[in-house]
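Within every chain, numbering begins at 1; the chains are lettered A, B, ... in the order of the sequence lines, protein sequences first and strands thereafter.
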Amino acid sequence: MNKKPRLSKSVRELWPKLTTAALDLLFPGAVFCASCGTKLKTAERYICTDCLEQITLVKEPVCLKCNRPLTRPGYCRECRVRPRSFARAWSAAVYKGALRQCLHRFKYSHGAYLAPFLGELLANHLEKVDNLPPQLLVIPVPLDSQRLKERGFNQAQLLAEEVARLWGWPLDTKILRRVRATLPQADLKAADRWRNVEGAFAASRRLMGKQILLVDDIYTTGATAEAASQALKDAGASAVYIATVAIASSHPHGRDK
Amino acid sequence: MPVLISLTLLLATGIATSSYLPLTWWLVSGAAVLVLGFWAAVRNNRLLVSIIILLLAFLTGAVRMALVTAWPDQLAHYKDRIVTIEGTVVREAQPATTGTTYVLAVEHIGESKLEPASGRVLLRDIRTEGETYFYGDLVRVRGKLIKPQGAANFGQFDYRAYLERRGIKYQLAVSAPEDIQYLAQDRGHPLVAYLLRARERYLQVIDVLPSVDAALLKALILGERNLVSPEIADFFTASGIVHLMAVSGVHVGLVATLALWVGSLLHLPFALKSLASAIIVGIYIVWTGFTASAARAGIMFLIGLLGQAAGRPRNSLVALAAAAGILLLINPWNLYDIGFQLSFAAAVGILYLVPLVPSAEHKWQRWLTPFVTSLAAQLTTWPLTAYYFSGVSLVGCVASVLAIPVASLILAIGLLGLLVGAWYLPVAQVLLGAAGLALTALTFLARWFAQLPGAFLYVKRPPVVFMLLYYTVFFAAPYFLWSKRGNIRRRRFLFAAMALVLLAISWRGPVTPVLTVDFLAVGQGDAILIQSPSGQAALIDTGPRQNLGDSIFDAGEKILLPYLRAQGIHRLELVFISHGDSDHAGGAPAVISALPVGAVMVPATFDGIGADLVKKETEQRGVPLYPATRGLKVDLGDGVEITVLSPPSEPIVSDSPDNDNSLVLYLKYGQTTFLFTGDAGWPTEEYLLKSGFPGTAQVLKVAHHGAATATSDQFLAELKPMLAVISVGKNNFGHPSPATMERLINHGVGIVRTDQAGQVQIKSDGRILQVSTFANPRGEQQ
């Protein structure tokens with residue numbers, strides 16, 4: 001923070017360093033827990049120890065397709081009846097309690113600074129995954145352009161950047177696009193969610209034989225993941241894997257309970 | 001601690017210590033440290049570079065302040081001369097006690113031939129009628145360039161220093177219409193001019209309200225307090241919600257929220273929405289006159305937006321430190337500005353203390369949050385309000401909880417009304433009518449809380465040591481109380497006990513019992529406060545009450561009461577009034593009406609306008625009024641004895657019986673002796689010489705402000721005073737007379753004058769006298 005930027009030959013190199021130094025000075029780190037809002041202690045970052053302990057990591061047995069926690073190994077009912085064009089979905093933790101608060105802050109309350117924390121949570125989970133392909137092209141689920149304007153950032157893209165950085169994988173944020181406007185999934189019932197996103201995505205160029213890691217924040221019904229993965233498959237991707245920070249423990253209509 | 005907070009604290013320390021060394025010293029050491037810094041940077045010595053950066057922050061503060069104080073004063077040459085000034089209005093008309101005031105940026109000045117110069121002058125326009133001038137108008141004025149009135153008593157509000165902190169060193173009063181001429185317009189910054197014109201247009205809408213409501217609304221929306229009646233302002237002060245009349249976080253936050261909300265309604269993209277709200281907040285701050293508290297809130301809002309745009313976590317304490325740093329760099333005098341100090345103290349309290357409170361577990365606990373917030377602000381600001389205003393509102397934290405939502409509502413409706421009203425008045429009338437209703441509710445709240453018993457407490461001016469200790473304890477407390485290492489209970493107990501003992505000791509101050517006699521500087525008149533070691537207090541005379549044309553100067557209200565309150569005096573055992581002239585008795589009614597008084601002692605021949613008002617007031621308050629004659633003795637506790645030496649039971653017959661029958665009082669405490677003579681002249685002195693003194697007097701209050709008709713050689717030879725105090729101000733009587741001064745000098749008596757030295761304070765432990773004055777506070781022993 002009080003590091004003096006070293007004298008470098010070109011101003012072009014110096015400028016970003018200076019702005020980063022200035023930003024570090026003004027925003028040295030989070031002071032309050034992103035989940036419960038209490039003051040963080042010296043050793044804590046982003047979230048307090050109590051809340052961190054509350055985050056329920058996804059543990060076996062899970063659905064072998066969508067990673068949803070189950071009571072016995074196998075496939076969940078949803079994955080048995082729905083088409084699943086993606087190879088496998090992974091998510092780090094269950095969407096409830098402290099993590100739910102965190103993701104809420106991340107998306108709706110100026111929480112872009114939480115991306116390293118949530119991205120790391122996801123990247124760490126991928127380490128524990130069986131049969132992880134050695135090289136994946138990381139692609140974020142694109143955000144509706146209207147919402148991108150209002151929010152100022154795409155949360156999936158921030159997460160994808162973190163995952164790509166931590167795993168050393170290539171990242172492409174341009175290739176997958178939304179071809180029509182959609183409503184926010186969170187506002188809809190499960191049945192409407194499929195209709196809302198069906199055919200909403202398209203890949204802008206061919207992806208012959210590529211293995212893709214599609215990154216998003218939350219996996220609920222799998223409708224968004226399915227629609228996006230379908231678009232990538234259509235562009236020629238050989239396999240699509242889904243990675244989300246959180247997975248809803250049940251369907252919004254509660255059928256899987 | 002985040003780096004930026006350390007840097008800002010060091011910057012402030014640099015500003016505070018700047019005056020101890022001259023500018024060149026600071027510059028030289030700054031340059032030396034810079035060179036050392038480059039060397040360390042080249043050697044890649046991280047630790048040294050860090051230390052040097054911290055040191056540079058300190059030196060920046062010192063150099064910045066030294067630059068401001070050492071700036072050449074181009075107007076000094078014209079001080080106390082009749083000059084003509086051509087200058088631009090940079091601050092528009094503000095109503096004052098008499099007439100209106102402007103601030104002029106001087107362009108040309110001269111006695112006959114005008115020469116270019118720069119500097120700022122407070123223009124006091126006391127013409128009975130005439131046009132007003134706007135920002136950017138060039139005017140030519142003629143009058144005497146003088147220094148504004150400074151403080152002369154310990155702890156008194158220093159108007160001269162207040163203006164100098166704003167870059168204004170002189171004032172010039174204009175009373176004749178021909179002394180002010182309008183020359184040209186639009187000489188100011190076009191953007192500021194445009195914003196102020198717009199402000200004018202919007203503000204005119206407020207005038208659809210009755211004037212009382214309009215004044216209050218202007219105060220709430222723009223922090224313009226000058227038009228609010230003192231009565232209503234007092235209610236707001238006593239109920240502890242006067243902070244609403246200074247534009248601060250509440251106001252700026254609301255304006256920002258409204259702007260962002262409108263942006264969201266219009267589905268503006270994030271960048272555009274932020275930019276628009278930043279501009280709106282900026283305009284609002286210019287409208288409020290760029291006060292420290294408004295600027296603080298505005299800068300913090302902008303930093304918040306920046307953090308959002310950069311995806312950085314919010315850290316409000318760091319943003320607060322950044323705001324402080326920016327404001328101090330712009331004008332380092334801000335450090336001594338009351339508004340700056342109060343605003344930052346309140347913000348620190350809220351941002352530092354509130355998060356320490358455990359988060360709410362039950363829903364009903366959330367309702368406590370506003371209360372906790374107000375309490376936090378109260379806890380960090382009360383030492384400052386005690387220091388500056390000798391008073392603390394005890395109901396403030398409760399009143400604020402209720403008042404802030406009402407004020408926010410008023411602000412929202414009011415602002416909306418102004419914006420709409422500038423285009424279509426009928427809608428504004430409805431909106432402002434609603435705001436008027438809310439204003440009534442707010443006034444009712446203020447009045448109700450102000451009139452609760454014990455709502456407002458006068459406390460003595462806290463010693464600076466106490467304040468430093470208080471804030472240290474405050475910020476150290478969480479580390480001791482919340483840290484979970486070691487023996488928690490014992491450490492908490494030890495910390496609390498130590499803190500309380502230290503605070504109590506520092507509040508009390510030095511405990512050696514002394515007699516304190518204060519000759520207050522009240523202008524032409526007498527006012528002497530006696531505090532005995534036992535804590536009892538008495539006054540001898542109460543200063544003048546003068547009619548200054550269209551305003552009244554009452555020394556009792558303006559000087560005595562604030563001083564008594566700052567000293568923590570809540571009761572006067574006795575008030576001696578030497579005689580009925582208004583320069584001695586004038587301030588008495590104000591004092592008697594505000595403080596419990598044991599008794600008022602006057603001579604039997606107590607007459608005149610001043611006397612009549614005193615008689616009326618004592619009768620109304622039920623305070624006994626005793627005529628005192630020679631031989632009366634009063635014990636003020638711990639061996640402080642006051643004896644009446646004159647008048648005799650038969651009044652002295654002379655040409656001026658009022659003056660010559662003044663109370664003459666002899667004070668004795670151990671070996672320390674004083675003689676207070678009122679306005680007594682030669683006939684009284686003859687009588688005193690004839691009837692004899694109880695002893696010599698070490699300190700003589702020279703009679704009649706040093707008039708030639710008193711203080712004879714014989715009198716001085718008999719009394720053998722070491723020190724003569726002349727209580728005198730600007731006057732047309734030629735006081736003090738050169739003849740009297742010569743007599744005093746011939747007798748080898750030391751002389752102090754309140755018109756030159758300001759307040760004279762004499763302390764005694766019964767043997768040694770300690771004399772200090774406002775001009776020489778460290779004083780000397782005799």
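- A:Arg180 CZ: more than 12 foreign heavy atoms inside a 6.0 Å radius.
- Heavy atoms of other residues, nucleotides or ligands lying less than 6.0 angstrom from CD of A:Glu198 number 12 at most.
- Contact annotation: the side chain of A:Pro28 never approaches that of B:Val3 to less than 4.5 Å [non-hydrogen atoms, C-beta and beyond].
- Contacts of A:Ser145 with chain B are absent, with no heavy-atom separation under 4.5 Å from either backbone or side chain.
- Heavy atoms only, all atoms of each residue included: A:Leu26 and B:Val318 are closest at O-CG1, 3.1 Å.
- Separating the CD1 atom in B:Ile5 from the CG atom in A:Leu25 is a distance of 10.5 Å, to the nearest 0.5 Å.
- With rounding to the nearest 0.5 angstrom, the CZ atom of A:Phe27 is 6.5 Å from the CD1 atom of B:Ile303.
- Heavy atoms from other residues, nucleotides or ligands lying under 6.0 Å from CZ of B:Arg314 number 12 at most.
- Heavy-atom distances place no part of B:Leu272 under 4.5 Å from chain A, backbone and side chain included.
- The two residues A:Tyr113 and B:Arg312 make their nearest non-hydrogen contact at CB-C, 3.6 Å.
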